[in-house]
Amino acid sequence: MAHSAVPVTARWPDALAGVLVLVLTLGTLGAVAWRAEWGDGLDPADWSAIGFTVMQALLSAFFSVMLAIPVARALARRQFWGRQLLITLLGAPFLLPVIVAVLGLLAIFGRAGLLNTGLAWLGIAPISIFGLHGVVLAHVFFNMPLAVRFILQGWLSIPAERFRLAASLNVPIWRVLELPMLRAVVPSTFLVIFLLCLTSFAVALTMGGGPRATTVELAIYQAVRFDFDLGRAALLACIQFVLCVLGAVLAWRVTGNDPIGTGLDRVVRRWDLARPGVDYGVIILAAIFLLLPLAMIVLRGLPEFFNMPAAIWAAAFRSVLVALGSALLCVLMALALALRGEMMVSIVGVMPLAASGLVVGTGAFLLVFPFIRPADVALLVTMLVNATLALPFALRALAPAVEQIKQDYGRLALSLDIAKGSWVRLVILPRVRRPLGFAAGLAAALSMGDLGVIALFAGQSEETLPLAMYRLMGAYRMDSAAGAALLLVALSFTLFWICDRWGRADADM
């Protein structure tokens with residue numbers, strides 16, 4: 001007698017996926033723990049890096065959330081032409097390569113940027129973007145839109161009936177409705193952004209500006225690439241892992257459902273909409289802050305786009321290959337784990353959230369170094385690590401869809417005695433095509449913009465487009481870097497669009 005409501009799939013695909021995830025998370029952690037020089041302890045520079053890492057993450061999360069609240073409130077209160085497009089564009093920084101956004105911010109706030117040009121015209125001394133304030137500014141640019149999306153969702157979840165009741169009682173909705181919602185949404189949003197800022201290597205690499213503005217990940221990179229002190233790099237990698245785990249546990253503990261309640265999905269009608277200029281002013285300022293750096297990249301990059309050296313196009317080709325391989329491997333692992341759907345598999349699938357890309361890269365470096373020249377496997381290791389780090393996002397997109405298909409068609413397929421391969425090919429794949437395409441596009445876009453693992457492994461002949469762009473910026477070839485940035489943005493969004501469009505074309509769901 002059958003005891004399962006769904007066909008039992010083969011165990012080897014999810015076993016392979018689980019082993020790969022464990023090797024690239026716990027395995028690399030074990031490598032750095034074994035290689036770490038525990039007896040030497042931490043020197044003052046290491047403690048400074050730890051303190052700076054935590055401080056910049058706290059400040060970045062604080063300002064991202066505080067600036068997001070009035071923007072989300074304005075978007076929730078006002079209806080205007082292009083509102084939905086603006087809300088959609090708020091998701092763009094998540095797909096935007098970090099190094100590209102940094103170049104856009106430098107075009108505005110850098111030494112020769114628009115701000116300092118205006119200050120010089122007024123006879124005011126220029127300002128420097130490098131250091132703590134530059135790191136925080138870049139993190140706010142990336143994470144404020146994410147905070148707006150989270151907090152806006154909280155505002156939109158307040159039922160219209162609650163507003164009608166508040167109006168009938170003549171009580172201030174800010175105190176009785178909006179403030180309780182913020183108490184429920186803001187803590188988890190703050191901790192998610194704090195966790196993201198803990199592992200933001202590319203921002204610290206380009207905007208740090210000296211020993212006093214060094215994060216733990218940047219210290220790991222310097223220990224490997226410049227000092228070749230693998231013991232110190234391993235010790236710092238263990239510390240970074242502990243910081244990430246603590247941040248992930250805190251974020252998980254405070255994440256919960258919004259207790260605001262449900263309604264009848266009626267249109268919200270508000271009576272507290274006086275002074276529209278304040279709301280529209282906040283929206284305009286936020287749009288300028290987010291879109292002006294991107295516009296500067298396009299303006300500076302177009303003249304150089306077709307005049308870039310052959311090395312840039314070769315780096316772009318390598319980036320596309322790594323991104324496609326990473327996306328394919330990521331969705332295969334996510335699909336295998338989603339098909340198994342057990343608790344332990346789910347735990348394995350979210351383990352990369354507690355891992356830092358540079359920590360995983362350091363462990364991989366230590367594993368391969370005794371046997372092979374790291375540069376020889378730079379692209380392969382980068383592809384494997386990028387696929388693993390994107391796995392939680394892909395699994396989040398695929399797992400609910402697969403579970404729903406099991407509930408809807410599992411008993412029927414079992415009664416018809418459908419073979420395992422046919423079950424996946426005829427039932428599962430057509431119905432998960434939409435989330436499968438989205439997951440592949442997301443993994444490809446994230447891999448295209450990665451500047452973490454490749455920075456540890458690659459030489460000149462293995463560089464990807466983000467690394468080539470960073471080296472152009474280091475050589476102060478900003479126009480060429482802008483051209484490379486424009487190419488990187490175009491390739492990232494094109495890969496995402498192709499994969500997502502494939503998923504949505506003729507999909508059954």
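Please read all numbers here as calculations on a predicted model, not as lab measurements.
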Do [X] side-chain atoms and [Y] backbone N/O form a donor-acceptor pair below 3.5 Å?
{"X": "Gln240", "Y": "Leu198", "result": "yes"}
{"X": "Asp279", "Y": "Leu75", "result": "no"}
{"X": "Asp500", "Y": "Phe496", "result": "no"}
{"X": "Ser48", "Y": "Pro44", "result": "no"}
{"X": "Gln56", "Y": "Cys197", "result": "yes"}
{"X": "Ser319", "Y": "Leu465", "result": "yes"}

Quick one: does [X]'s side chain get under 4.5 Å of [Y]'s, heavy atoms only?
{"X": "Thr214", "Y": "Leu218", "result": "yes"}
{"X": "Pro97", "Y": "Pro466", "result": "no"}
{"X": "Leu337", "Y": "Leu391", "result": "yes"}
{"X": "Leu182", "Y": "Ile69", "result": "yes"}

Of all heavy-atom pairs between Val100 and Met469, which one has the smallest distance, and what is that distance?
-> CA-CE, 3.7 Å
Partners passing ring pair (Phe, Tyr, Trp, His ring centres under 6.0 Å) against Phe289 (at least two apart in sequence or in another chain) = Phe141
Ring pair (Phe, Tyr, Trp, His ring centres under 6.0 Å) partners of Tyr221, counting only residues at least two apart = Phe201, Phe226
Once side-chain contact (heavy atoms from CB on, under 4.5 Å) is applied, do any residues pair with [X], and if so which ones, sequence neighbours excluded?
{"X": "Val282", "value": "Pro70, Val71"}
{"X": "Phe63", "value": "Leu59, Val136, Val140"}
{"X": "Leu115", "value": "Phe109, Leu119, Ile127"}
{"X": "Leu486", "value": "Val298, Leu302, Phe305"}

Please list, chain by chain and in numerical order, all residues satisfying side chain to side chain donor-acceptor pair (under 3.5 Å) with [X], sequence neighbours excluded.
{"X": "Thr53", "answer": "none"}
{"X": "Asn386", "answer": "Ser447"}
{"X": "Asp46", "answer": "Arg232"}
{"X": "Ser326", "answer": "none"}

